[in-house]
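Proteins come first, then strands; the chains are lettered A, B, ... in the order of their sequence lines, and each starts at number 1. Keep in mind it's a predicted model, so treat the numbers as computed, not measured.
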Amino acid sequence: MPELPEVETIKRELLPHVKGKVITGVEIMRPATVRGMAPEEFKGCLTGRQIINVERHGKYLVFDLDNGEYLAMHLKLSGSLWVKKSESEVPNYIKVVITLDDGEKIFFRDPRGFGRMWLVNDVCEITDKLGPEPLSPDFTPEVLAERLDSKGAPIKSVLIDQAVIAGIGNMYADEILYDAKINPTRPASSLSLAETERIYKAIKRILPQAIASKGASVQDYFRPSGEEGMAQFNFKVAHQRKATCNCGGPIERIVVRGRGTYYCPNCQK
DNA sequence: ACCACAACCTGGCCGC
DNA sequence: TGCGGCCAGGTTGTGG
């Protein structure tokens, strides 16, 4: 499912196809995917707009339009964006199609139907809800320590709180905590400075490594080309049902604040 | 301010 | 083998 590395990969691979292109048509197969306005109004607002840039904010994908507005998307659990010339090249479950002036089409594919897109006047409407970008130079061990210090909730659920840090979801939180050798149930505020620094280093290692592997194709994530990512082959615990850790002990699955959580009880005491 | 939980959705898994 | 039931997952909204 798309988290920061997957959305970042989509952004990078989509950009050369859409930058500077003009939207010539919008088809909406599933009206509920478009939020905030009626489908016809949404089509009217987008048609004729030039795409200036594509940004990622946390797990949100944002298209900068030439009239100063933004087309925002959230892929949620199963969304992906495919760039093809025609529908026949794309699997089913297409909810929205955006046609560009060079004949290419952006297909919003979303089997589960949780994904959303909407227009915003100011990108702050999205970024105001989000904590710092973990791959930004501004994100330092001190920033992380300060943001964890006041949270009594389990570190696992704090790491996936988008208001604390933007972009980390269920599977990368498990990988980060395994890398840092921290038990996912530990209260965030109970972590020592050394432990927080281990988490910091794990974030700065795991996320770029996953981006380098073009994201993790578990469930319904695909790249805009339709290809799969490879990051899941580096996973040590996430989604590793009935697997064995390098230490020889079993990877276990527990539920933390309602989220399935994989970890090694031996390595993450 | 904090936490818990339902709702959204459907493919895939589990148990019978 | 086939069928029904139910779970996962990010975010929002509601209620305690």
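- Remark: A:Arg49 pairs with A:Asp66 by the salt bridge (Lys or Arg N to Asp or Glu O under 4.0 Å) rule, at least two apart or across chains.
- Between the CZ atom of A:Phe114 and the P atom of B:dA6 there is a distance of 14 Å, given to the nearest Å.
- By the 4.5 Å heavy-atom criterion applied to side chains, A:Glu55 and A:Tyr70 are counted as neighbours.
- Residue A:Phe235 forms a ring-ring contact (aromatic ring centres under 6.0 Å, His included) with just one option from A:Tyr262, A:Tyr178, A:Tyr172, and that option is A:Tyr172.
- Looking at residues two or more places apart in sequence or on another chain, you find a ring-ring contact (aromatic ring centres under 6.0 Å, His included) between A:His74 and A:Tyr60.
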Report, one pair per line, the protein and nucleotides 2-4 of chain B atoms (nitrogen or oxygen only) whose separation is under 3.5 Å.
residue : atom : partner  : partner atom : Å
B:dA4   : OP2  : A:Arg257 : NE           : 3.1

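- Remark: A:Asp122 pairs with no residue by the salt bridge (Lys or Arg N to Asp or Glu O under 4.0 Å) rule, at least two apart or across chains.
- In this entry the distance linking CZ of A:Phe222 with C1' of B:dG11 reads 13 Å, nearest Å.
- As rounded to whole Å, 16 Å separates atom C1' of C:dG10 from atom CD1 of A:Ile165.
- In this entry the distance linking CG of A:Asp220 with P of C:dA8 reads 17 Å, nearest Å.
- Applying the ring pair (Phe, Tyr, Trp, His ring centres under 6.0 Å) test to pairs two or more places apart or on separate chains, those with a residue in residues 203-232 of chain A are A:Trp82-A:Phe222.
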Going through the distances and angles, do A:Lys156 and A:Asp174 end up as a salt bridge (Lys or Arg N to Asp or Glu O under 4.0 Å)? CA-CA 7 Å; A:Lys156 163 68 186 279; A:Asp174 285 355; 2.9 Å; yes

Tell me, for nucleotides 11-16 of chain C in 5' to 3' order, what letter each nucleotide earns: B for a base near a protein heavy atom under 4.0 Å, S for only sugar-phosphate near one, - for neither? BS----

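- Applying the ring pair (Phe, Tyr, Trp, His ring centres under 6.0 Å) test to every pair with at least one member in residues 197-220 of chain A, sequence neighbours left out, gives these pairs: A:Phe139-A:Tyr200.
- Here ring pair (Phe, Tyr, Trp, His ring centres under 6.0 Å) pairs that include residues 5-55 of chain A, with residues two or more places apart or in two chains, number zero.
- Partners of A:Tyr263 according to the side-chain hydrogen bond (donor to acceptor under 3.5 Å, both in side chains) rule, which considers only residues two or more places apart in sequence or in another chain, do not exist here.
- Residues from residues 28-39 of chain A placing a heavy atom under 4.0 Å of any atom in DNA chain C do not occur.
- The interatomic distance linking A:Arg109 (CZ) with B:dG11 (P) rounds to 10 Å, in whole Å.
- For the pair A:Tyr172 OH and C:dG10 C1', the interatomic distance rounds to 15 Å; values are reported in whole Å.
- No donor-acceptor pair closer than 3.5 Å links the side chain of A:Gln50 to the backbone N or O of A:Gly48.
- Taking the charged nitrogens against the carboxylate oxygens, A:Arg186 and A:Glu195 do have a contact shorter than 4.0 Å, which makes a salt bridge.
- If one axis is set at each end of the helix from B:dC2-C:dG16 to B:dC16-C:dG2 from five pairs, those axes are 60° apart, to 10°.
- Across the protein-nucleic acid pair, A:Leu75 atom CG and C:dA8 atom C1' stand 17 Å apart, rounded to whole Å.
- Evaluation of the side-chain contact (heavy atoms from CB on, under 4.5 Å) rule for A:Lys95 yields A:Arg30, A:Thr33, A:Phe108, A:Asp110 as partners, not counting sequence neighbours.
- When the P atom of C:dG10 is taken as reference, atom CG of A:Asp110 falls 14 Å away, rounded to whole Å.
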